[in-house]
Structure formats: C-alpha cells, structure tokens
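Worksheet: the structure to be examined is printed underneath.
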Amino acid sequence: MRAMPRRALAAAAPAAVLMFALVACGGGGDSDSGGSKAADSRRSAQSEGGAQSAGEAAGDTDDKKEPPLTGEVKQKAETAALAAYPGTVVKSEEDAEKPGMYAVEVKKEDGSTVEVYLDKSFKVSGTKQEGTEETEDAG
C-alpha cells in the first residue's frame, strides 16, 4: 500500500477536525439522539424567549389573545379615540390586560403612535405612547 503525500494529509486533518466538531455539537447526522433533541429544545426555548422579549418591548407581556372590536362597538371606540387623538386607527381591540376596557391604537399625524384606552362608555381612561410605559392620562 502506498503512503499518502504530506499535502493530502495536511488537507485531510482540518476536514477531520471539522467533522468531529460538527458531530460533537449535534450538527452531523440525522440520528434522533437525546443530545440532538436537547439542542432542539434549547433552540426552541431561545426562540420563544426572543419572541417573548419582542412582545414585552411592544407592551404585550402576557399570552392573552385580544379579540378585535367589531360592528357598532368598533365604530364608537374608534370615533372616541380619534376625537381625543386625531390620526389614523391602526387597530382596535378588547384590552386583555384590563378586562372591560377597549384599546385603540392610533397613528397620529406627527407619525408617533398612541394606544388609547376606553371604558365601556367610550370615555378615554388612559393612554400609552409607543415605546413608553403606560400612563394614566384621563382625557
């Protein structure tokens, strides 16, 4: 049997190290080993944590679904919010954080966004400016 030239051996060594590193990190093969599942679980948890952080930055700190307003309630809530904060309605929904309240997000003419909170009688009970903590500005 003939010996491998030194150049071929020098090129094969880094490839072997790379393959070993991939297998050790769970990046090689399609096996369903526990280590691979654990890595998938960690990646999944990290992804969910990133989504949770993004939700917290947007002000959604819980997983409650906020149903959109419809019909006459939607019309009255949006009209009241726009009367207090002229602009364009981005969305209107029931407020999951404050049951019995409505939330209307308005993009104001200056480009900033404000979330207007309304009680069941469509009276403004507070606001939250985009990117700030909630304030209780009764209007």
Side-chain angles (χ1 to χ4, degrees):
M1 188 159 116
R2 196 174 136 182
M4 287 181 93
R6 286 186 187 245
R7 277 190 242 164
L9 186 59
V17 170
L18 178 61
M19 290 299 292
F20 177 76
L22 286 172
V23 170
C25 293
D30 291 340
S31 67
D32 285 339
S33 67
S36 178
K37 289 180 183 177
D40 290 343
S41 296
R42 280 193 300 273
R43 282 191 288 269
S44 176
Q46 289 170 346
S47 296
E48 289 170 8
Q52 182 180 3
S53 296
E56 288 173 5
D60 296 332
T61 57
D62 54 31
D63 292 335
K64 295 180 183 175
K65 178 86 171 118
E66 295 182 323
L69 298 180
T70 59
E72 188 178 342
V73 171
K74 175 182 172 114
Q75 182 182 0
K76 287 182 178 182
E78 291 179 355
T79 299
L82 291 173
Y85 296 90
T88 304
V89 172
V90 177
K91 65 181 177 179
S92 54
E93 57 199 9
E94 291 182 29
D95 191 358
E97 295 173 7
K98 298 177 184 176
M101 303 286 287
Y102 304 122
V104 179
E105 188 174 333
V106 176
K107 184 170 185 176
K108 298 190 301 185
E109 293 169 356
D110 66 3
S112 64
T113 304
V114 62
E115 191 156 1
V116 182
Y117 298 102
L118 306 155
D119 61 19
K120 290 289 184 182
S121 64
F122 306 101
K123 181 180 178 217
V124 175
S125 64
T127 62
K128 180 172 71 173
Q129 296 292 326
E130 179 77 21
T132 63
E133 290 300 314
E134 194 170 320
T135 59
E136 292 299 323
D137 297 334

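Remember, predicted model here, so these are calculated numbers, not experimental data.
In terms of heavy-atom proximity, Ala80 sits nearest to Val124 at O-CG2, 4.5 Å. When every heavy atom of Leu69 is checked against every heavy atom of Ala77, the shortest pair comes out as CD1-CB, 3.7 Å. Ala96 and Glu66 make their closest contact through N-OE2, 3.1 Å (heavy atoms, listed as atom of the first residue, atom of the second, distance). In terms of heavy atoms, Thr127 sits closest to Val116 at CG2-CA, 4.4 Å.
Rounded to the nearest 0.5 Å, atoms NZ (Lys120) and CD (Glu94) are 5.5 Å apart. Taking OG1 from Thr88 and CD from Glu109, the interatomic distance works out to 8.0 Å, rounded to the nearest 0.5 Å. Interatomic distance, OH of Tyr117 versus NZ of Lys128, reported as 4.0 Å (0.5 Å rounding). Taking OG from Ser121 and NZ from Lys76, the interatomic distance works out to 10.5 Å, rounded to the nearest 0.5 Å. Note that CE of Met101 and CG of Asp119 are 5.5 Å apart. Values are rounded to the nearest 0.5 Å. Put simply, CD on Glu93 and NZ on Lys74 are 10.5 Å apart, with the number rounded to the nearest 0.5 Å.
Taking the side chain as every heavy atom from C-beta outward, Lys123 and Leu118 never approach each other to under 4.5 Å. Between Phe122 and Val73 the shortest side-chain heavy-atom distance falls below 4.5 Å.
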